[in-house]
Amino acid sequence: MEAELGTVISTADGPTTLSFSFVISNPKVKKGQFVKVEEGQAAVLGFVSEIFRANRYFERAESVAEYERASPMGESFPVKDWEYTVAKVSVQGAFEDGHFLRSYLPVSPGSRVIEAGNELLKKFLKFDDNGLNIGTLQHHQLEAKLSLDRLLQKHLAILAMSGSGKSYLMSVIIEELLDRPAQDGRIAVVVIDSHGEYSGFKQTKYAKQTEVVPAKKFKIAFRRVSPHMLQEWSPEMSAAQLRELVPIMEQLRKEKKAKAEPYTIEDLIMRVEGEMAEKKKETVRRPLVAWLSELRSSRLFSKSDFPKLQEAVAPGKLVVFDLSDIENQYRKQIIVSYICRRLFKLRKKGKIPPFLLVVEEAHNFAPEKAERKQALAKQPIITIAREGRKFGACLCLISQRPVHLATSALSQCNTNIILRITNPFDIEHIGESCEGIDSSTQDSITTLRVGEALVIGEAVGSPIFVKVRKLKSQLPQKGVSLQLLAARFEEEAKRKKEDVEAFL
Ligand SMILES: Nc1ncnc2c1ncn2[C@@H]1O[C@H](COP(=O)(O)OP(=O)(O)OP(=O)(O)O)[C@@H](O)[C@H]1O
Ligand SMILES: [Mg+2]
């Protein structure tokens, strides 16, 4: 039985089709809770947007001051009996004949307000019994099971300040994806892991489904690199230089293909050296060889890919590219650029299953403003954001600086999950880029605690606050406390000193 919460009142500004107020009879009512009012055949659904308290005895400042000078008002008057609490409700819609409609009639003053039941909420919020359980709906005992299609197909962004639980939430979503039975449709998950936060999956019950690729081992088959990609990775290369390079590359590719021989960037450099010397084009040779040598210094190119994405990316599997073991930004950018391109290409050809590509620190790979050299992966990410939907290539961008994230990529993310943010610029930016976020919801973002999330957009019928569930298998912690790190350092130093003394 759904609990009764109060009675609709008539106020200067309501009830209207958009809002109404009710006087609370049940202390369980909370801001953000969903409530309903039954009106004939229809049920009007709304959520408590604010709660006010009032007391006639304390309305006039001068009388309160006067009385209180003598003794507390509570001693002379029955002040407690006159206190009442009013909740303001923002109407979300009306449920009639099995359908949700826009509310077309205001509720009547005097109507009973009751708790919105789980079945009604599931329908209204578009939860799916086979969906991904990310936690519980705030103030309700209802699991927030988001539909796979709605959440991921039109891309997802997880935005919040550092340490607010972005990677934790993503790990929860990954667990849900890895646990899906084949008949519900399983997708592959690929993570670009900037800080090595996901390699812990290898030490959980998901070990068999997980492959962790340290960036140092990552290799690109040079035969798969087109002149266009080379130009993207050496943005300062001029059109004239590229014109010289294309025929040489094509020739090399043709020859090697005929002999079914792989080749590397060294082969191309030698060719360029040879041909340019022959044609006596010293002015072209030097910069071209310089670009190619710089690319070679990234030590990323080889005769074949490692890992072979076509084999690694499989339904119900997780591939983590752990970029935490390399410092070189240029190398990271090329890796991400190649992974995005290759995944999308393989998916378009149907050679890999539908996948979710998770990009941590997305503002580093798809920045709004940056030199081209610092944004080598931006274009491939935007391509998946724009065209991925039709092919089942889904993207999840995770960032603690949404202001610096490319708008053209962020605007394609139809669901946003926002955790705690306090920076006013970031909040303002989110308010502008998210549809359906009102000012009171926007203000609530600063009050979220770690592990509490606001879900807005395609995945849900209306913005909701969720308490993110606990992980099924605790991942080993990456961020250890400062206190512990400092103590560990001193202990280690002491031990080394003792070892040396013992040796002497
Ligand atoms: N829902 C949750 N339940 C329990 N603990 C959580 C939850 N969410 C986050 N935490 C804890 O909070 C801490 C920070 O979380 P997390 O590493 O996911 O933050 P982050 O937003 O990814 O930070 P960064 O931007 O620095 O990567 C972790 O220790 C994590 O275990
Ligand atoms: Mg993180």
Side-chain angles (χ1 to χ4, degrees), residues 132-146 151 156-177 179 189-204 206 212 215 318 320-325 332 336 356-367 395-405 410 413 415-423 425-427 429-430 444-455 464-485:
L132 313 178
N133 173 12
I134 64 162
T136 43
L137 180 65
Q138 176 187 254
H139 306 319
H140 292 268
Q141 280 174 349
L142 176 61
E143 286 179 341
K145 288 191 167 178
L146 307 182
L151 181 67
L156 168 67
I158 300 181
L159 310 170
M161 58 196 260
S162 186
S164 53
K166 298 183 295 296
S167 309
Y168 194 98
L169 169 63
M170 194 62 233
S171 305
V172 166
I173 296 178
I174 293 175
E175 279 189 350
E176 291 289 313
L177 292 172
D179 278 337
V189 186
V190 179
V191 182
I192 307 288
D193 183 6
S194 298
H195 300 305
E197 291 172 288
Y198 297 85
S199 31
F201 268 96
K202 203 68 205 163
Q203 284 143 52
T204 65
Y206 302 100
V212 178
L318 166 68
V320 179
F321 290 99
D322 181 354
L323 303 188
S324 66
D325 62 346
K332 287 189 195 180
V336 177
L356 169 67
L357 173 65
V358 180
V359 186
E360 275 271 0
E361 306 283 329
H363 53 276
N364 286 339
F365 298 108
L395 193 62
C396 173
L397 301 176
I398 302 183
S399 172
Q400 69 246 28
R401 288 320 308 272
V403 173
H404 298 316
L405 189 56
L410 189 55
C413 297
T415 301
N416 287 2
I417 303 188
I418 296 157
L419 298 111
R420 184 178 164 79
I421 297 182
T422 49
N423 181 324
F425 294 111
D426 284 329
I427 294 195
H429 187 71
I430 283 174
S444 308
I445 298 173
T446 51
T447 66
L448 291 172
R449 281 170 299 176
V450 171
E452 288 177 346
L454 167 66
V455 187
I464 53 166
F465 290 93
V466 173
K467 172 121 191 53
V468 176
R469 75 161 168 78
K470 290 266 174 294
L471 279 167
K472 291 181 193 165
S473 45
Q474 197 62 42
L475 298 181
Q477 288 272 329
K478 257 267 161 171
V480 202
S481 88
L482 180 61
Q483 207 172 319
L484 210 68
L485 287 174

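Just follow the structure's listing: the first ligand is 1, and inside any ligand the first atom is 1. Side-chain atoms are counted along with the backbone in the values below, which use heavy atoms only and exclude waters and symmetry mates.
In this structure the side chain of Ile173 reaches within 4.5 angstrom of the side chain of Leu156, judged on heavy atoms. Proximity of Leu419 to Leu169: side-chain heavy atoms (C-beta onward) are separated by under 4.5 Å at one or more points. Using a 4.5 Å heavy-atom threshold, the side chains of Arg401 and Leu405 count as separate. Looking only at side-chain heavy atoms (C-beta outward), His429 and Leu159 stay at 4.5 Å or farther from each other. At least one side-chain heavy atom of Tyr206 sits under 4.5 Å from a side-chain heavy atom of Asp179.
The closest approach between a heavy atom of Ser164 and any atom of ligand 1 is below 4.0 Å.
In terms of polar-atom proximity, Gly163 is counted as a contact of ligand 1, with an N or O under 3.5 Å from an N or O of the ligand. For a threshold of 3.5 Å applied to N or O pairs, the pair formed by Glu361 and ligand 1 contains no separation below that value. Where the criterion is an N or O separation shorter than 3.5 Å, residue side chain and backbone included, Ser167 meets it with respect to ligand 1.
Ion pairing of Glu361 with Lys332 is absent here, as no side-chain N (NZ or NE/NH1/NH2) approaches a carboxylate O to less than 4.0 Å.
Of the residues listed (Glu143, Glu176, Glu452), the one engaging Arg469 in a salt bridge (Lys or Arg N to Asp or Glu O under 4.0 Å) is Glu176, and it is the only one.
Within ligand 1, counting atoms from 1 as listed, the ones closer than 4.0 Å to a heavy atom of Val468 are 1 (N). The ligand atoms of ligand 1 that sit less than 4.0 angstrom from a heavy atom of Gly451 are 1 (N), 8 (N). Interface of Val450 with ligand 1, defined as ligand atoms under 4.0 Å from a residue heavy atom, comprises 8 (N), 9 (C), 10 (N), 12 (O). The atoms of ligand 1 that sit less than 4.0 Å from any heavy atom of Met161 are 21 (O). Those atoms of ligand 1 that come under 4.0 Å of a heavy atom in Lys470, given as number and element, are 3 (N), 4 (C).
Distance check for Ser167 against the Mg ion (ligand 2): an N/O/S atom falls below 2.8 Å. Not a single N/O/S atom of Glu360, whether from backbone or side chain, sits less than 2.8 Å from the Mg ion (ligand 2).
Across the listed options Glu197, Arg469, His195, Glu197 owns the non-hydrogen atom lying nearest to atom 27 (O) of ligand 1.
Contacts with ligand 1 closer than 4.0 Å are made by heavy atoms of both the backbone and the side chain of Lys166.
The nearest pair of heavy atoms linking Ile174 to Val191 is CD1-CG2, 3.9 Å.
A donor-acceptor contact shorter than 3.5 Å links the side chain of Tyr168 to the backbone of Leu471.
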